[in-house]
Protein chains: 2
Amino acid sequence: MTTTSMKDVARAAGVSVGTVSNVLNRPEAVAEETRTRVQAAIAELGYVRNDSARQLRAGRSRTVAVVVLDVANPFFTDVVRGAEPLIESAGGVVTVCDSGEDVRRERRHLEILEEQRVLGLLITPVDDTSASWIERLSGHDIPLVLVDRGAGRHPHCSVAVDDVHGGRLAARHLADRGHARIAFVGGPSSIPQVADRFAGCREVCEERGVALEVFTTAGLNFAAGREAVEQMLGLEERPTAMFCANDLVALGALQALTMHGVKVPQECAIIGYDDIDFAAAAAVPLSSIRQPRAQLGRTAAQLLFDEIGEGAGHTHRNVVFQPELIARASTAQES
Amino acid sequence: MTTTSMKDVARAAGVSVGTVSNVLNRPEAVAEETRTRVQAAIAELGYVRNDSARQLRAGRSRTVAVVVLDVANPFFTDVVRGAEPLIESAGGVVTVCDSGEDVRRERRHLEILEEQRVLGLLITPVDDTSASWIERLSGHDIPLVLVDRGAGRHPHCSVAVDDVHGGRLAARHLADRGHARIAFVGGPSSIPQVADRFAGCREVCEERGVALEVFTTAGLNFAAGREAVEQMLGLEERPTAMFCANDLVALGALQALTMHGVKVPQECAIIGYDDIDFAAAAAVPLSSIRQPRAQLGRTAAQLLFDEIGEGAGHTHRNVVFQPELIARASTAQES
DNA sequence: CAGACTTTTTGAATCGATTCATGAAGGGAT
DNA sequence: ATCCCTTCATGAATCGATTCAAAAAGTCTG
């Protein structure tokens, strides 16, 4: 075949393969004259390194994989954006895997990543059944950092946002606004983030005597929000406010409400979660719980490289950020 | 190290490495009894195939890379979603690379992908200077399909949407609505999609005697739309409508106009491009030019595998889809 | 039971880059 | 001329899976 290997370059430049390798990896160890001759041959032949061979020898790839629940969710793209600079400046290559909130897809990704002997992993697990697979990778010496998921009992580094507290913030805000009957929209409840946000919400509702209606959805996207609204509008005693497990769900709900002529916030207030860029631009600017998305990614990457650098003597760190309430029109005071 | 190789499995099962390989790749060629013994050993040792070694031997990886201008743009995530099922069902692995509309980033990705000997490539090139790099890959026998970019003079398969026509649709719609002075917002103009959409728009404006103001932006995102509006509001003779090169720009513009108390569509109409999900959910539901996003991806993947399958005797195909006007509130009749 | 097949298993060769012990060449200093 | 150092270049060994010609083990026939 036409693929040129180092051997071809070596022959063309009249040197050994070892020297060609040195030109590529430690150019300072090669005499000026030889180096330029080899580089000329490389250019001449259009030689391109074969990464598989390199990896095989090295035993590891340079790839850091980021496994997220939904690439179409701006929350995750921002997390990835936050992680990228650090990874790339460390000579790594970023690859993004979308589990689509599906354990099977997640597992397939993990299998492939393990076969690829990736350098490390930043992962937001789909749910608790992911744990055994994650332990497996970890047991095979693939360092990983859990993202947006307090490690809790898992022996790993992690970065997370206090979702229980975020849930409290949202519920408290709605209670302060005088809502006595609210809806929680999100799911599946196996997703830890959903469960935590709900937990915080319920805690406050009980404390403040607010009635809580739960709409469990199949996913955390536009369609889920729309469907939940359809269901809710059928009720005789309708909640006066909704707390959606993320902004996509909230935007879907907002759209459906608007379509049905329900005024937001007058007839139904909405608060989302994540504060993605679209939230502020929505039909009615959306109140939300902001998470430090980019910083989450950046810190995760940092922890990963710390772990890689420290090797065996590494002790895991768990970083928790606090969320912040961003109040906008969608929960403006009823008056 | 702890990494177990096929040799270890072979020893544990009391067979040769060739047999282990067969169990993994052509199980039907191995006697039942031997097969189960080997599989037991694999499970026992927690053996995981080393993909680098496999690829080295095979000469090619199973990865199909999709190089997009902006992963945070729902347009592209939808294109990727459209391509994925076909790629995965063909045994491929999808990897998404974000060029961020930056030729240098794009080039770095292409270098890495070439070193990885990827199976194929779906790419939306940043601009025409990308061409030489693309030819290089192609010359090294990496099949590729241009996405959202009429191949024109390039000898490649491609799927595209007729952007010039899309530009016409938008401009015609605004002209029909009685606008006599409109703004085109988008950039950089080196991006072919931007240039085409503009070309169609200008054509119609000249034909219909509509004054056209151009705001060239540095990118196609939220911030670009906001900045363009700031600029526009400074003008003494302000356009009565904006055609934004994509929906993200349009949503940014919409947000900025609303913040400045400019009524949409009464004081300034807006039409975007792509018709992403967020468009319909915007502050004022956004008129847009719809592209068949998922189908674009699906068809691209199809063409790629056709090319891989047909090998040398392959003739390139260029598929062009037609865009469609979606009129919503942001361009509702002035009355 | 020899001979002719068929079914399984073997193990050496191969892919291409990296590494490293070894040696060659060049430069001073004596 | 000899010895010691430094600077460069060499090429065989290695990583782990796949492939395939050839050997081994089984099956069937007459």
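Here is how names work: the chains are called A, B, and so on, in the same order as the sequence lines, proteins then strands, and each is numbered from 1.
In this structure, Arg37(B) does not pair ionically with Glu32(B), as no charged nitrogen and carboxylate oxygen lie closer than 4.0 Å. By the 4.0 Å N-to-carboxylate-O rule, Glu84(A) lies too far from Arg298(A) to be salt-bridged with it. With respect to the salt-bridge test (charged N to carboxylate O, under 4.0 angstrom), the residues Asp70(A) and Arg81(B) qualify.
Between Val48(A) and Glu32(B), the one whose closest nucleotide on DNA chain C sits nearer the 5' end is Glu32(B).
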Using salt bridge (charged side-chain N to carboxylate O under 4.0 Å, His left out), reason through Glu111(A) and Arg49(B) one step at a time and then give a plain yes or no. CA-CA 10 Å; Glu111(A) 282 172 1; Arg49(B) 252 218 210 73; over 6 Å; no
As a quick check of understanding, evaluate side chain to side chain donor-acceptor pair (under 3.5 Å) for Glu106(A) and Ser130(A), giving each step before the final call. CA-CA 8 Å; Glu106(A) 179 184 62; Ser130(A) 311; 2.6 Å; yes
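Atoms CD1 and OG1, on Ile42(A) and Thr4(A) in that order, are 9.5 Å from each other to the nearest 0.5 Å.
Using a 4.0 Å heavy-atom cutoff across all strands shown, Val30(B) reaches sugar-phosphate atoms only and no base atom. Using a 4.0 Å heavy-atom distance criterion, Asn25(A) is classed as a sugar-phosphate-only contact. Ser21(B) comes within 4.0 angstrom of a base, heavy atoms only.
Near-neighbour residues of DNA chain D inside residues 53-61 of chain A, defined by a heavy atom below 4.0 Å, number-ordered: Leu56(A), Arg57(A).
Between Arg26(B) and the phosphate of dT18(D), there is no side-chain N or O to OP1/OP2 separation shorter than 4.0 Å.
Here the options are Arg317(B), Glu307(B), Glu135(B), the test is side-chain hydrogen bond (donor to acceptor under 3.5 Å, both in side chains), and the partner is His156(B); only Glu135(B) passes.
When the nucleotides dC8(D), dT18(C), dT18(D) are ranked by their closest atom to the side chain of Met6(A), dT18(C) comes out on top. For Tyr47(A), taking side-chain heavy atoms from C-beta onward, the closest of the listed nucleotides dG16(D), dA17(D), dA17(C) is dA17(C).
Evaluation of the ring-ring contact (aromatic ring centres under 6.0 Å, His included) test over residues 293-320 of chain A, restricted to residues two or more places apart or in two chains, returns His314(A)-His316(A).
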Would you tabulate the nitrogen or oxygen pairs shorter than 3.5 Å linking the protein to nucleotides 10-12 of chain C?
| unit_1 | atom_1 | unit_2 | atom_2 | d |
| --- | --- | --- | --- | --- |
| dT10(C) | OP2 | Ser16(B) | N | 2.9 |
| dT10(C) | OP2 | Ser16(B) | OG | 3.2 |
| dT10(C) | OP2 | Thr19(B) | OG1 | 2.8 |

